Amino acid sequence: MVLELETKLGEAIRATLKENYDLAVENVPLETPPDLRFGELATPVAFELARKLRKAPRVIAQEIVAALGAVEGFAGFEVAGAGYINARLDRGFAARLVVESESHPSHKNKDVARVGHPDSGPMGHPVHSLVEHTSINPNKAAHIGHLRNAILGDTFVRLLRAAGQKVDVQNYIDNTGVQVADVVVGFLHVERKSAAQVRALVAECEMRAASEGHAAAIDYYCWDLYARTSQWYGEGSEDKQAAKKKLRYDTLHLIEHGGNETAEIAELISTAVLRRHLETMLRLGIEYDFLPRESEVLHLKFWESAFEQLKKTGVLYFETEGKNKGCWVMTRPGAETRDGETDEDAKVIVRSNGTVTYVGKDIAYHLWKFGLLDRDFGYQPFFRYPDRECWISAVESRKDHPHFGGATAIYNVIDSRQSDPQANVIQALRGMGHTAEADHYTHFSYEMVALTPRCAVELGYTVAEEDLGRPYIEVSGRKGFGVKADDLIDKLIAATRAEVDARQTGRDGAERRKIAEQIAIGALRYFMLKYTRNSVIAFDFKDALGFEGETGPYIQYAVVRIRNIFRKGETTAEAVLEQQVSESASQRFSEPESQHDAASGAVAAFLSGQANEDIWALWLRAGRFSLVLEQCIAASEPAYLAKHAFQLAQEFNNFYHKHHILTEEDPRRKTFLLATAAVVLRELVKALALLGIESPEAM
RNA sequence: GGGCGAGUAGCUCAACUGGAUAGAGCACCGGCCUUCUAAGCCGGGGGCUGCGGGUUCAAAUCCCGCCUCGCCUACCA
């Protein structure tokens, strides 16, 4: 509603400026005034024009208001302060828009349709986006840092889909990297297991995990082994360490090459760990469409194809001088190149020994994402979700496989430490002439999750003296320093379960368990989403286990309260909204010329006056959804929606305490209050769903 | 050395991307449960937005210079 009216007002003002001053203003700035006293929408446009028109802003504002006349949906305009134009909505009209926006299946939400089709998309066609997130090295259990990545990515996917985009969700698996090599070294050389013993161990872990829980699973086993192996590399004499280092890289090369027993073990372990990651993420409602793996990027020779393109377009050049002599290198973004001078700072893509760097492989992979590579992955089914299949890359395809890649816009959810390599890939695309693709390549970057020193001590880690004074300490998979994702989820469920058991004595164990899980996941997802992306989260159990104040459960609780009202009132939110829609529709039909028909006139009366300002504010907030959705997508910032949901819940709680609905004596007002609750319920449930948070029946 | 990000209430964070009186949550103090669930509500204290200049009708936000902190910056992957 707000977005729709804001757009309408912007267009009206633009037309006025064109007509009266012959000025073409592209974007009329519109904002929400700090207080309802100033109306619901405002624009400072007169300030900008003051210099150009050589008039006082206040005078310009008055002229604009006079020329504007009546605009549908608005009750009036006024000039305030030094030259603001404040707009007051026609409250009955606005309320009707809010009620109708999505309660009727036949009614297309105009606001959302607009968000879903940014300029990048071909006319009338939805944008095809590709979001890549999670991408955990498959050599250890997922930890809280990975949770932030996956939750941010998954939420953003939900937002894009809500805006009408076609979205593929990918989770890139680096199954041939040094991290996987390290656990393979751990199994074969630290634990001195044979290949057969490793196979037996993986099978045993799977069995034990089924009965004892995920603490017995392979990813937990590898967590410790990886940390031990990392430490092991640094032990012993210099000669010993050098030998270990050689072992490490020999193992890595065997894995990269494939077709040998070491590679088979790596495949076995990485696949088993990957399955665990998918299970962990599924606990949070996170699913993937496709798992491209580095092994296929290598074996299907993506790089060889990309290399030709890179050479042909001159993005890569062969260095003949300096420290990078003998390498194929690329100029870094923003670097100043002087003719004749060797660029010592250039990024090496192909080493002098002929091997390609990670960035090189990444360029090839990203050409594939945009459909610019003449090769494709093979596809095999890998993991079954309740309502769909998750596919994995393979050399050979199974018949009837789907096809991925070829997107028009991509989002890579990767932490901010990777911004340099990401910038290199974008630079390469741009250099190759793929400017549209480079423009639609978004590094969805975010800051890390770290532990507070207190939390680290609490977990039994020894913390260095100088770290005790810091606000946070970076987690490290290599050191085994961090909080495992499944452990945290378990801990949250245990805490909510205790509370639900105490409150919901009338429900059976299965029901209580379900509610506890919904609340725990709600708490976790909201916790990860309430911070804006580039704020470091200093993790502490005290904060994460809190269920009061600005938390997921707070919002869920508001939902439960509203549901209780309808249950006790023996009606449903749907019925109340349906009634509102049909009433206003019939009124409009009988009096088509009247803008203030009886139904919306009555609603307007309940929304007017000093005593009802808080209720109007609630409706206004409820009508902001599409505006918030648009901002979330434009800024790649899911936190805005989290904030919106919280504020709506907060305003509702306020309303809830102030106005007792079921004991309201005036039947018309009671219906109106029920409609208010119904609208808030609908908007809260919708916002929570986009945040990946379920709305429990009770709590 | 260069690049990116951050510095806002005791603590953790917001501030619609330059707008009107800088807002929330924790924590602390004081009220509210025979009325739709107290995982809630109301009230209170708390701020030189790191420092110094500049740009303009308007700066937490943009520019310049400092000061702190974090990350990135290998022919490793």
Side-chain angles (χ1 to χ4, degrees), chain A residues 29-35 37-38 42-44 46-48 50-51 56-57 80-84 86 137 174 176-179 181 245 248-249 252 256 294 319 323-329 332-335 345 347-353 355 357-358 361 415-421 423 445 447-448 450 452 470-472 474 496 499 503 519 523 530-532 534-538 540 542-543 546-551 553-554 556-558 560-569 624 627-628 631 634-635 639-640 643 646-647 650 653-654 656-658 660-663 677 698-699:
Chain A
L30 286 159
E31 54 195 48
T32 307
D35 194 288
R37 288 202 311 266
F38 304 119
T43 177
F47 292 114
E48 281 177 32
R51 176 165 296 183
Y84 280 99
N86 292 334
N137 275 300
D174 185 2
T176 58
V178 72
Q179 292 212 25
K245 195 173 178 186
R248 189 184 195 191
Y249 290 107
L252 174 65
E256 281 177 345
E294 177 151 280
E319 185 57 84
K323 73 180 176 84
N324 295 333
K325 185 177 174 183
C327 299
W328 286 89
V329 301
R332 281 180 199 272
D345 196 39
K347 178 73 194 166
V348 172
I349 303 298
V350 182
R351 303 184 191 99
S352 54
N353 66 5
T355 58
T357 61
Y358 186 81
K361 283 180 272 192
D415 75 67
S416 61
R417 287 168 293 194
Q418 299 284 335
S419 60
D420 204 48
S445 93
E447 270 293 350
M448 62 186 166
T452 63
R470 297 183 202 277
Y472 53 82
E474 188 177 354
T496 51
E499 198 65 34
R503 292 167 187 240
I519 298 169
K530 74 175 181 180
Y531 300 93
T532 49
N534 52 13
S535 153
V536 176
I537 297 180
D540 199 315
K542 185 174 68 70
D543 298 332
F547 305 128
E548 288 165 19
E550 196 196 343
T551 65
Y554 176 96
Q556 290 173 313
Y557 193 67
V560 168
R561 281 180 149 169
I562 300 173
R563 288 193 169 145
N564 283 339
I565 293 169
F566 286 104
R567 193 174 299 130
K568 288 247 167 131
R624 290 181 70 86
L627 186 71
V628 174
Q631 287 169 345
Y640 296 157
K643 219 74 181 178
F646 172 66
Q647 287 169 336
Q650 202 174 34
N653 274 333
N654 189 308
Y656 177 88
H657 281 275
K658 213 156 157 186
H660 202 273
I661 298 176
L662 294 180
T663 54
M699 62 189 281

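Side-chain atoms are counted along with the backbone in the values below, which use heavy atoms only and exclude waters and symmetry mates. Model, not experiment: these values are computed from the prediction. A note on names: the letters A, B, ... follow the listed sequences, proteins ahead of strands, and every chain is numbered from 1.
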Open item on the list: Both Lys643(A) and Asp345(A) contact RNA chain B. Taking the nearest nucleotide for each, which residue is further toward the 5' end?
Closed with: Lys643(A)

Task: Ring centroids of Tyr554(A) and rG40(B) base under 5.5 Å with planes under 30° - done: no

Task: Interatomic distance at P, rC42(B) relative to rA6(B), whole Å - done: 33 Å

Open item on the list: Taking the C1' atom in each of rU34(B) and rG30(B), what is the distance between them to the nearest angstrom?
Closed with: 25 Å

TODO: Indicate whether Phe47(A) forms a stack on rC57(B); treat it as stacked only if centroid distance is below 5.5 angstrom and interplanar angle below 30 degrees.
DONE: yes

Open item on the list: Between rA27(B) and rA74(B), how many Å separate the two P atoms, rounded to a whole number?
Closed with: 46 Å

Open item on the list: By the 4.0 Å heavy-atom rule, please label Arg37(A) as base, sugar-phosphate, or nothing.
Closed with: base

Task: Atom P, compared across rU35(B) and rG43(B): separation rounded to whole Å - done: 22 Å

- [ ] Kindly state whether the pair His660(A) / rC36(B) counts as stacked, where counting means centroids closer than 5.5 Å and planes tilted less than 30° apart.
- [x] yes

Open item on the list: Nearest to the side chain of Thr32(A), heavy atoms from C-beta on, is which of rU17(B), rG5(B), rC16(B)?
Closed with: rC16(B)

Task: Span that lies between the P atom of rC36(B) and that of rC29(B), in whole angstrom - done: 30 Å

TODO: Pick base, sugar-phosphate or nothing for Val536(A), based on heavy-atom distances below 4.0 Å to the nucleic acid.
DONE: sugar-phosphate

TODO: Send over the distance from Asp35(A) CG to rU21(B) C1', rounded to a whole Å.
DONE: 9 Å

- [ ] Please evaluate the base of rA20(B) for a donor-acceptor partner in the side chain of Asn86(A) within a cut-off of under 3.5 Å?
- [x] yes

- [ ] Ignoring hydrogens and angles, answer whether the base of rC75(B) and the side-chain atoms of Thr357(A) contain a donor-acceptor pair closer than 3.5 Å.
- [x] no

- [ ] Could you pull out all residues at least two apart from Val350(A) that satisfy side-chain contact (heavy atoms from CB on, under 4.5 Å)?
- [x] Trp303(A), Phe307(A), Trp328(A)

TODO: May I ask you to evaluate whether Arg567(A) reaches the phosphate of rC36(B), defined as a side-chain N or O under 4.0 Å from OP1 or OP2?
DONE: no

- [ ] In whole angstrom, give the distance that lies between atom CZ of Phe646(A) and atom P of rG40(B).
- [x] 9 Å

Open item on the list: Taking only side-chain N and O atoms of Asn534(A), does any of them lie within less than 4.0 angstrom of OP1 or OP2 on rG5(B)?
Closed with: no

Open item on the list: Could you tell me how far rU8(B) sits from rA15(B) if I compare only their C1' atoms? Round to whole Å.
Closed with: 10 Å

Task: Whole-Å distance separating the CD atom of Glu48(A) from the P atom of rG18(B) - done: 11 Å

Open item on the list: How many whole angstroms separate atom NE2 of His657(A) from atom P of rC36(B)?
Closed with: 12 Å

Open item on the list: Please verify the inter-ring angle class for Phe47(A) with Tyr84(A); under 30° counts as parallel, over 60° as perpendicular, anything in between as tilted.
Closed with: perpendicular

TODO: Would you check if the distance from the ring center of Phe547(A) to the ring center of Tyr557(A) is below 6.0 Å?
DONE: no

TODO: For rA39(B) versus rC26(B), give the span between their P atoms, rounded off to a whole number of Å.
DONE: 13 Å

Task: Spacing of the C1' atoms in rG18(B) and rC62(B) (rounded, Å) - done: 8 Å

Open item on the list: If the cut-off is 4.0 Å, is Arg51(A) near the phosphate of rC57(B), judged by side-chain N/O to OP1 or OP2?
Closed with: yes

